[in-house]
Structure formats: structure tokens, C-alpha cells
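If you read the sequence from its start, that first residue is 1, and numbering goes on from there.
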Amino acid sequence: MSLLALASSLSACTPEDPEPPFEPIYSGVETRLLDGDLVQFEVEMRGARYAADVDDYAECAAAQYALIRGYGFARHLRTTVYEEGGLWRGDAVYTISAELPRGLKTIDAEVAALACAENGIPMV
């Protein structure tokens, strides 16, 4: 075996980049009822690994809000996430409803709230 072939085979054995550490600090949720069943959630956190961590925080807030209002479901409309100086912010909009709404990004509020509690993500 040539040295080049040996070096190539050894480089293929290197471990992948490790997962970034996840030590979230959840800074709070601001909720605004926009119109009837349309609700905006502004969340802030530090220690997020990806935008998906901020999305999860907003979804947990939406799930708990739906339950507080006596609804069982929410539907995700949009989330904008940005990070500046280690502070992650998310601006998410959901509709809440008593029945399963049409659409692809629906959540069962009870199931989501249980998952949030299990994962240590605070809610409203």
C-alpha cells in the first residue's frame, strides 16, 4: 500500500466534528395577541447551537399559550431568528385553535408541552 493510499484511508477514520455544547439560558418570552387566533411570540436565549433551538423555544411558548387559552392546537406560520453577540432572538407567529388546523406545521399543544417539559424548555 502506498503512503498516499494509507494517508487517505486514515483520514477517512477521523471522527466527525463534535456537536456544539448546549447550555441554554432562556431569557423570556413576550406574547402579543395580534388578531383573534393569531399570536406573536418573541423569545430570547443565549447558548443556542442553531436557529432550531430558538424555534423550539418559540414552539414551546405557543403550545403553552394555546393550553392556557383553552385550545388544543397551534399552527406555525413563520419564525424569524437572528443572533447578535451571542444573544439569539426569535419572532414567531402561530394561530391557535380548538380543532386540528389545516396545514403542514401543526402542533398538538399537549404533546408539545410535555416534550418541552421533558427537554427542560420553559414555556409561557
Side-chain angles (χ1 to χ4, degrees):
M1 180 181 252
S2 74
L3 287 176
L4 183 56
L6 179 61
S8 295
S9 66
L10 289 176
S11 68
C13 295
T14 60
E16 293 183 27
D17 292 336
E19 184 77 17
F22 187 48
E23 298 170 353
I25 300 170
Y26 299 100
S27 302
V29 177
E30 189 173 316
T31 305
R32 288 190 187 103
L33 182 60
L34 299 176
D35 184 36
D37 63 352
L38 192 63
V39 186
Q40 177 183 21
F41 301 92
E42 291 184 6
V43 297
E44 289 186 358
M45 69 182 291
R46 291 189 177 277
R49 298 164 295 190
Y50 315 105
D53 295 329
V54 181
D55 287 333
D56 291 345
Y57 187 22
E59 183 173 308
C60 290
Q64 185 65 31
Y65 184 86
L67 293 173
I68 289 169
R69 293 291 189 155
Y71 295 104
F73 300 94
R75 182 170 61 101
H76 178 255
L77 298 178
R78 69 143 176 90
T79 301
T80 304
V81 176
Y82 52 97
E83 182 269 335
E84 185 178 323
L87 179 64
W88 290 77
R89 290 188 171 110
D91 176 8
V93 176
Y94 285 81
T95 59
I96 57 172
S97 61
E99 296 179 9
L100 182 64
R102 294 182 358 193
L104 298 175
K105 296 183 176 185
T106 60
I107 61 170
D108 180 317
E110 281 189 42
V111 172
L114 287 172
C116 296
E118 287 177 9
N119 290 304
I121 302 173
M123 296 172 273
V124 175

>> Please list all pairs meeting salt bridge (Lys or Arg N to Asp or Glu O under 4.0 Å) that have one or both residues in residues 95-124, counting only residues at least two apart or in different chains.
In response: none
> In the hydrophobic clustering that connects Ile, Leu, Val, Met, Phe, Trp and Tyr at side-chain heavy-atom distances below 4.5 Å, which members other than Met123 occupy its cluster, ordered by chain and number?
Replying inline: none
>> Please say yes or no: joined through hydrophobic side-chain contacts below 4.5 Å, possibly via intermediate residues, are Leu33 and Ile68 part of one cluster?
In response: yes
> What heavy-atom pair brings Val43 and Ala58 nearest, and what distance separates the two atoms?
Replying inline: CG1-CA, 4.0 Å
> Can you name the side-chain contact (heavy atoms from CB on, under 4.5 Å) partners of Arg89, sequence neighbours left out?
Replying inline: Glu44, Tyr82, Leu87
>> Count I, L, V, M, F, W, Y as connected when their side-chain heavy atoms are under 4.5 Å apart, and connections chain through other members. Are Val54 and Phe22 then in the same cluster?
In response: yes
> When you look at Ile25 and Trp88, which way does the side chain to side chain contact (heavy atoms under 4.5 Å, CB included) test go after all the steps?
Replying inline: CA-CA 10 Å; Ile25 300 170; Trp88 290 77; over 6 Å; no
> Taking C-beta and beyond as the side chain, do Tyr71 and Thr95 meet within less than 4.5 Å on heavy atoms?
Replying inline: no
> Taking only residues two or more places apart in sequence, or in another chain, which ones meet Thr79 in a side chain to side chain donor-acceptor pair (under 3.5 Å)?
Replying inline: His76
> Which pair of heavy atoms, one from Pro101 and one from Thr106, lies closest together, and at what distance?
Replying inline: O-CG2, 3.3 Å
>> Could you go through Val93 and Val39, starting from their C-alpha distance and side-chain angles, then the distance that decides it, and tell me whether this counts as side chain to side chain contact (heavy atoms under 4.5 Å, CB included)?
In response: CA-CA 6 Å; Val93 176; Val39 186; over 6 Å; no
> Under the disulfide bond (SG atoms under 2.5 Å apart) rule, what pairs show up with a residue in residues 48-110, not counting sequence neighbours?
Replying inline: Cys60-Cys116
>> I'd like to know if Leu34 and Tyr94 are part of one continuous hydrophobic network [Ile/Leu/Val/Met/Phe/Trp/Tyr, side-chain heavy atoms within less than 4.5 Å].
In response: no
> What distance do Leu38 atom CG and Ile96 atom CD1 have between them, rounded to the nearest 0.5 Å?
Replying inline: 9.5 Å
> Pairs in or reaching into residues 50-70: which pass salt bridge (Lys or Arg N to Asp or Glu O under 4.0 Å), with residues at least two apart or in two chains?
Replying inline: Arg49-Asp53
>> Could you work out, with side-chain contact (heavy atoms from CB on, under 4.5 Å) as the rule, every residue matching Ala115, not counting sequence neighbours?
In response: Asn119
> At their closest point, which heavy atom of Ala109 faces which heavy atom of Ala66, and how far apart are they?
Replying inline: CB-CB, 4.0 Å
> Please, which pairs that meet salt bridge (Lys or Arg N to Asp or Glu O under 4.0 Å) have at least one residue in residues 24-37, sequence neighbours excluded?
Replying inline: Glu30-Arg32, Arg32-Glu42
> Which residue pairs pass the salt bridge (Lys or Arg N to Asp or Glu O under 4.0 Å) test with at least one member in residues 71-88, sequence neighbours excluded?
Replying inline: Arg78-Asp91
>> Applying ring-ring contact (aromatic ring centres under 6.0 Å, His included), can you list everything that pairs with Tyr26, at least two apart in sequence or on another chain?
In response: Tyr57
> Quick one: hydrophobic cluster around Leu100, which other residues, with the 4.5 Å side-chain cut-off, linked directly or via members?
Replying inline: Phe73
